[in-house]
A.B. asks: 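First the structure, which I've put down as structure tokens, then a few questions once you've had a look.
One-based numbering, in listed order, for ligands and for the atoms of each.
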Amino acid sequence: MRERSFVMLKPDAVKRRLIGDVLNRFERRGLKVVATKMMVINKELAEKHYAEHAEKPFFKDLVDYITSGPVLAMVIEGGECISLIRKMVGATNPKEADMGTIRGDYAIETGRNMIHASDSTESAVREISLFFKDSEICNYILPDEEIIYEEP
Ligand code: IDP
């Protein structure tokens with residue numbers, strides 16, 4: 001099995017009807033979606049997910065934002081996909097995000113930056129287990145994996 005990342009489309013992305021556009025980017029890249037869940041996150045889960053920011057001045061706004069509407073939580077699988085997806089997502093502040101990245105192409109403000117993606121193996125494991133049971137993650141093989149990877 002290749003690396004897995006936890007990715008979440010935040011409420012602004014869902015409300016702006018950008019789910020398809022963003023998922024299309026990951027699929028075109030050759031990555032594999034192995035779990036998805038649309039949900040409204042409660043305050044408790046939001047605070048756990050963003051626990052590392054608990055002392056930051058923007059924490060309350062962040063929790064309010066992420067609980068303000070539906071999110072699309074997902075697990076994406078692919079070769080070294082944690083760093084790959086972070087590159088595709090772009091800088092935290094969309095004004096500094098490169099064109100061609102998701103935030104650089106669609107977003108303007110840090111507090112409405114559309115998407116979350118795990119920043120390390122440890123975060124990915126922690127975040128996936130916060131949002132998904134093992135039984136909700138699908139193991140399957142795509143036929144083009146032998147084309148996309150040198151060693152399928
Ligand atoms: P990341 O999402 O690019 O990994 P983090 O530094 O982990 O960035 O911050 C988590 C989230 O907290 C950001 O995506 C953004 O929504 C929010 N955030 C970070 N810094 C600020 C800020 O200075 N003002 C408002 N929101 C912020």
A.B. asks: In ligand 1, which numbered atoms sit nearer than 4.0 Å to a non-hydrogen atom of Tyr50?
C.D. replies: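 Numbered from 1, ligand 1 contributes 10 (C).
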
A.B. asks: Would you call Val34 and Tyr140 a side-chain contact if the rule is heavy atoms closer than 4.5 Å?
C.D. replies: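 Val34 vs Tyr140: side chains touch.
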
A.B. asks: Looking at Arg25 and Asp21, is there a salt bridge between them, counting it only when a charged N and a carboxylate O are closer than 4.0 Å?
C.D. replies: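 The answer is no: the pair does not qualify as a salt bridge.
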
A.B. asks: Heavy-atom distances under 4.0 Å are what count here, so tell me which part of Leu62 touches ligand 1: side chain, backbone, both or neither.
C.D. replies: side chain

A.B. asks: From Lys10 NZ over to Ile115 CD1, what is the distance, rounded to the nearest 0.5 angstrom?
C.D. replies: 9.0 Å

A.B. asks: Does ligand 1 have an atom that lies less than 4.0 angstrom from a heavy atom of Glu52?
C.D. replies: no

A.B. asks: Is there a continuous path of hydrophobic side-chain contacts, each under 4.5 Å between heavy atoms, that joins Leu130 to Leu62?
C.D. replies: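 Shared cluster, yes.
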
A.B. asks: Pull out every atom of ligand 1 sitting under 4.0 Å from any heavy atom of Thr92, numbered as shown with elements.
C.D. replies: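 Listed by number with element, the hits are 1 (P), 3 (O), 8 (O), 13 (C).
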
A.B. asks: When you measure from atom 7 (O) of ligand 1 to every protein heavy atom, which one gives the shortest distance, and what is it?
C.D. replies: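 Minimum-distance protein heavy atom for atom 7 (O) of ligand 1 reads His53 NE2, 3.0 Å.
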
A.B. asks: Aromatic rings His49 and Phe6: how do their planes relate, parallel, tilted or perpendicular, breaks at 30° and 60°?
C.D. replies: perpendicular

A.B. asks: Heavy-atom distance to atom 13 (C) of ligand 1: which of Asn113, Ile115, Asp119, Asn93 wins?
C.D. replies: Asn113

A.B. asks: For atom 16 (O) of ligand 1, grab the closest protein heavy atom and report residue, atom and distance to one decimal in Å.
C.D. replies: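 Looking at atom 16 (O) of ligand 1, the protein heavy atom closest to it is Lys10 NZ, 3.1 Å.
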
A.B. asks: What residue and atom, counting heavy atoms only, is the protein's closest point to atom 2 (O) of ligand 1, and at what distance?
C.D. replies: Arg103 NH2, 3.1 Å

A.B. asks: Measure across Ile66 and Val71 and return the closest heavy-atom pair with its distance rounded to 0.1 Å.
C.D. replies: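 Heavy atoms only, the tightest pair is O-CG1, 3.8 Å.
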
A.B. asks: Report the part of Glu109 (side chain from C-beta onward, or backbone N, CA, C, O) that has a heavy atom under 4.0 Å from ligand 1; answer both or neither where that applies.
C.D. replies: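 For Glu109, no heavy atom sits under 4.0 Å from ligand 1.
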
A.B. asks: Less than 4.0 Å between a side-chain N and a carboxylate O, is that true for Glu77 and Arg2?
C.D. replies: no

A.B. asks: Of all the heavy-atom pairs spanning Pro70 and Met38, show the shortest one and how long it is.
C.D. replies: CB-CG, 4.1 Å

A.B. asks: Just need the protein heavy atom nearest to atom 18 (N) of ligand 1, so name the residue and atom and give the distance.
C.D. replies: Phe58 CE1, 3.5 Å

A.B. asks: Would you mind running through ligand 1 and noting each atom that sits below 4.0 Å from a heavy atom of Arg86?
C.D. replies: 1 (P), 3 (O), 4 (O)

